[in-house]
Asks: 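First the structure, then my questions, so here it is.
So you know, we letter chains A, B, ... as the sequences are listed, proteins then strands, and number each from 1. All values below were derived from every heavy atom in this structure, side-chain atoms included, with hydrogens, water molecules and symmetry-related copies excluded.
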2 protein chains.
Amino acid sequence: MTASESKVFSRASGLAAWKQVADSIEADIAAGRISPGDRIAPEAQLAERFGVNRHTVRRGLADLAERGLVRATQGSGTFVEARPLAYPIGLKTRFSEVMAKAGKEARGELVSAEHGNADAATAEALKIKPGAPVLDMLTVNRADGVPLSLARTFLPLPRFLGLEQIFATKGSLTKAYKKFGLDDYKRLSTRITARPAAADEAQMLDIAPGRTLLIINAINVDMDGKPIQSTLSRFVADRVELVVER
Amino acid sequence: MTASESKVFSRASGLAAWKQVADSIEADIAAGRISPGDRIAPEAQLAERFGVNRHTVRRGLADLAERGLVRATQGSGTFVEARPLAYPIGLKTRFSEVMAKAGKEARGELVSAEHGNADAATAEALKIKPGAPVLDMLTVNRADGVPLSLARTFLPLPRFLGLEQIFATKGSLTKAYKKFGLDDYKRLSTRITARPAAADEAQMLDIAPGRTLLIINAINVDMDGKPIQSTLSRFVADRVELVVER
DNA sequence: CTTTATTTGTGCGTATGTATC
DNA sequence: AGATACATACGCACAAATAAA
């Protein structure tokens with residue numbers, strides 16, 4: 001590994017030394033010379049390569065860490081972070097299609113499904129009477145086996161009776177809808193918040209409790225504008241990046 | 001077995017006792033009988049009122065807390081949470097207009113402003129050459145004095161030279177743009193992630209370190225499609241709820 | 001500053017009804 | 001039928017944090 005891979009370091013460029021270090025490593029990542037998961041050179045080695053003090057290297061790495069490009073682990077090294085999966089949010093967002101486009105295999109796993117009664121919020125979302133029967137499904141959605149989100153979905157019940165069994169085998173809500181003669185649907189509303197993961201959520205998503213979750217509250221309607229589902233999705237924040245589509 | 005039950009509470013309704021407690025309190029909140037900021041009755045008192053054990057009340061309160069309706073503080077009480085401010089994200093989102101609509105007074109406070117050089121990511125966002133001059137502003141945006149977000153905004157520099165001085169007095173980026181002959185602009189892209197707040201961020205946003213932040217990476221362009229700003233906004237997650245506009 | 005009362009948080013034990021094997 | 005597991009509910013006690021005296 002020669003220093004020729006990196007840009008030339010200039011003392012008199014006006015740019016702070018730590019910034020030049022950071023920019024150089026960022027360029028290495030952007031150009032694919034170092035890939036997600038790779039350990040970058042130890043700080044001492046970087047200091048020698050750039051001809052700066054280790055403190056200067058650390059300042060640069062801190063800048064990259066703050067922007068989420070690398071993550072330092074004491075005693076182990078500094079690693080290039082996996083770029084989070086871009087997850088589009090738009091009028092017609094389909095989990096399975098989004099994943100297929102990203103070259104990932106999407107699969108929804110049914111954790112539980114039960115018949116319940118709509119509480120005030122769910123009733124308003126689905127435009128049904130409070131206490132009306134709903135299908136209450138809990139699913140874990142994975143991309144290539146890695147849990148991305150934990151979703152609780154409410155569906156109005158006379159209409160989608162038995163949908164959970166189709167979902168369980170197909171692993172896709174879109175496909176399950178087709179069995180009910182519903183070929184197309186769209187997003188009515190999307191609301192986004194974030195909070196730390198509770199113990200049970202962490203367990204199902206295979207993360208440590210307290211890790212950040214992106215909470216998405218979505219309502220989908222059929223082409224007649226009739227609500228067909230109200231979903232509370234909990235995404236592992238450092239595995240996805242939500243992209244708002246226009 | 002005795003008939004000394006509370007009016008809404010029914011032992012043999014099939015609904016779990018804790019759920020009935022939760023529903024009853026939720027109804028009180030929905031009906032405005034208790035308002036955001038109010039302390040609800042102590043657990044012991046609620047237990048007596050509903051004729052159940054305190055554990056049962058706690059189970060119900062835990063349900064409400066998980067849904068963000070209340071927040072318990074040890075030694076102090078359980079309080080009704082303020083509903084987070086709905087923050088629309090769309091093609092033309094203006095902080096000041098959004099706040100005015102919500103009946104809040106919006107004000108951007110300039111923390112720092114300096115001339116810098118675009119790093120790789122900023123350069124790509126603004127479609128300028130890496131290292132090109134940019135205005136690097138750090139602002140805290142408040143609604144009625146409460147910090148909602150901390151934003152780092154990069155603007156291309158020959159074009160917006162001196163904008164920071166106008167922003168400092170006006171407290172609004174939209175107004176500052178007008179002084180540069182830019183009357184209208186639109187959102188090109190919005191990317192959303194989330195993570196805990198660092199110490200310095202927490203201090204400026206008046207929250208505890210580690211509280212969850214919603215990170216929004218936005219690029220705005222003028223009506224010719226030319227990028228005019230790249231902003232990294234850090235919203236206090238439990239003060240706002242992002243609403244994706246269609 | 002110390003003391004005291006209030007309030008939430010936690011633990012353990014007991015009992016019961018309901019599924020499930 | 002029996003055994004087992006699980007969720008629900010109750011009772012008591014104490015710890016920890018907060019607020020008021």
Side-chain angles (χ1 to χ4, degrees), chain A residues 109-120 122 131 133-140 150 152-154 157 161-162 164-165 168-169 195-205 208-211 232 234, chain B residues 1-29 33-82 196-197 202 206-212 238:
Chain A
E109 180 202 337
L110 188 64
V111 176
S112 71
E114 52 191 65
H115 292 185
N117 300 87
D119 60 20
T122 306
V134 289
L135 176 58
D136 179 358
M137 300 199 317
L138 193 65
T139 60
V140 173
L150 174 68
R152 188 165 179 193
T153 304
F154 295 94
L157 239 204
L161 189 66
E164 72 272 25
Q165 282 143 25
T169 54
R195 60 168 172 78
D200 57 336
E201 297 168 329
Q203 196 232 317
M204 286 186 275
L205 288 169
R211 291 296 287 275
L232 182 86
R234 286 153 277 194
Chain B
M1 311 304 175
T2 59
S4 60
E5 310 281 12
S6 176
K7 52 181 173 182
V8 273
F9 188 84
S10 166
R11 207 86 233 187
S13 72
L15 255 120
W18 65 263
K19 185 66 180 161
Q20 293 184 59
V21 172
D23 286 350
S24 172
I25 296 170
E26 187 181 356
D28 285 345
I29 296 171
R33 286 188 289 272
I34 35 180
S35 308
D38 284 1
R39 186 176 72 192
I40 68 176
E43 293 169 358
Q45 217 173 102
L46 290 171
E48 199 181 355
R49 183 197 303 171
F50 290 104
V52 299
N53 191 273
R54 189 165 81 97
H55 281 301
T56 308
V57 170
R58 286 183 59 75
R59 175 74 196 272
L61 290 176
D63 182 68
L64 295 177
E66 197 179 328
R67 289 191 281 145
L69 277 78
V70 302
R71 176 173 304 228
T73 308
Q74 191 174 157
S76 181
T78 302
F79 300 84
V80 178
E81 284 277 63
D206 196 22
I207 53 173
R211 291 295 286 277
T212 304
D238 44 48

Asks: Hey, does the side-chain of B:His55 have a donor or acceptor N/O within less than 3.5 Å of a partner on the base of C:dG11?
Replies: yes

Asks: Can you tell me how far C1' of C:dT6 sits from CZ of B:Arg39, to the nearest Å?
Replies: 8 Å

Asks: Could you tell me whether the side chain of A:Arg152 reaches within less than 4.5 Å of the side chain of A:Asp136, counting heavy atoms only?
Replies: yes

Asks: What is the distance from CZ of B:Phe79 to P of D:dA17, rounded to the nearest Å?
Replies: 16 Å

Asks: To the nearest 0.5 angstrom, please state how far the CG atom of B:Asn53 sits from the CD atom of B:Glu43.
Replies: 10.5 Å

Asks: Find which nucleotide of DNA chain D each of B:Lys19 and B:Gly75 is nearest to by heavy atoms, and output the residue with the more 5' nucleotide.
Replies: B:Lys19

Asks: Encode nucleotides 14-21 of chain C as B, S and - characters from 5' to 3', where the letter depends on protein heavy atoms closer than 4.0 Å: B to the base, S only to sugar-phosphate, - to neither.
Replies: --------

Asks: Whole angstroms only, please: what is the CD-P distance between B:Glu48 and D:dC10?
Replies: 14 Å

Asks: What is the distance from CD of B:Gln45 to P of C:dT7, rounded to the nearest Å?
Replies: 7 Å

Asks: Determine the sole option in B:Val80, B:Val70, B:Ile40, B:Asp23 for which the side chain to side chain contact (heavy atoms under 4.5 Å, CB included) test with B:Leu64 is passed.
Replies: B:Val70

Asks: Any chance you could measure B:Leu69, atom CG, to B:Asp28, atom CG, to the nearest 0.5 Å?
Replies: 11.5 Å

Asks: Specify the separation, in whole Å, of atom CD of B:Gln74 and atom P of D:dA15.
Replies: 13 Å

Asks: Just how far, in rounded Å, is P of D:dC10 from CD of B:Glu43?
Replies: 14 Å

Asks: Ignoring backbone atoms, test whether B:Thr73 places a side-chain nitrogen or oxygen under 4.0 Å from the OP1 or OP2 oxygen of C:dT7.
Replies: no

Asks: Going through the distances and angles, do A:Arg195 and A:Glu201 end up as a salt bridge (charged side-chain N to carboxylate O under 4.0 Å, His left out)?
Replies: CA-CA 12 Å; A:Arg195 60 168 172 78; A:Glu201 297 168 329; 2.8 Å; yes

Asks: Check B:Gly37 against B:Phe79 and note the closest heavy-atom contact, atom names and distance.
Replies: O-CD2, 3.6 Å

Asks: In plain terms, say whether B:Arg59 and B:Asp63 are close enough for a salt bridge, that is, a side-chain N and a carboxylate O under 4.0 Å apart.
Replies: no

Asks: When you check the phosphate oxygens OP1 and OP2 of D:dA9, does a side-chain N or O of B:Asn53 lie under 4.0 Å from one of them?
Replies: no

Asks: Between atom CZ in B:Arg54 and atom C1' in D:dT8, what is the gap in whole Å?
Replies: 17 Å

Asks: Using a cut-off of less than 4.0 Å, is there contact between a side-chain N or O of B:Arg58 and OP1 or OP2 of C:dG9?
Replies: yes

Asks: Measure from CZ on B:Arg59 to P on C:dG11 and round the result to the nearest Å.
Replies: 17 Å

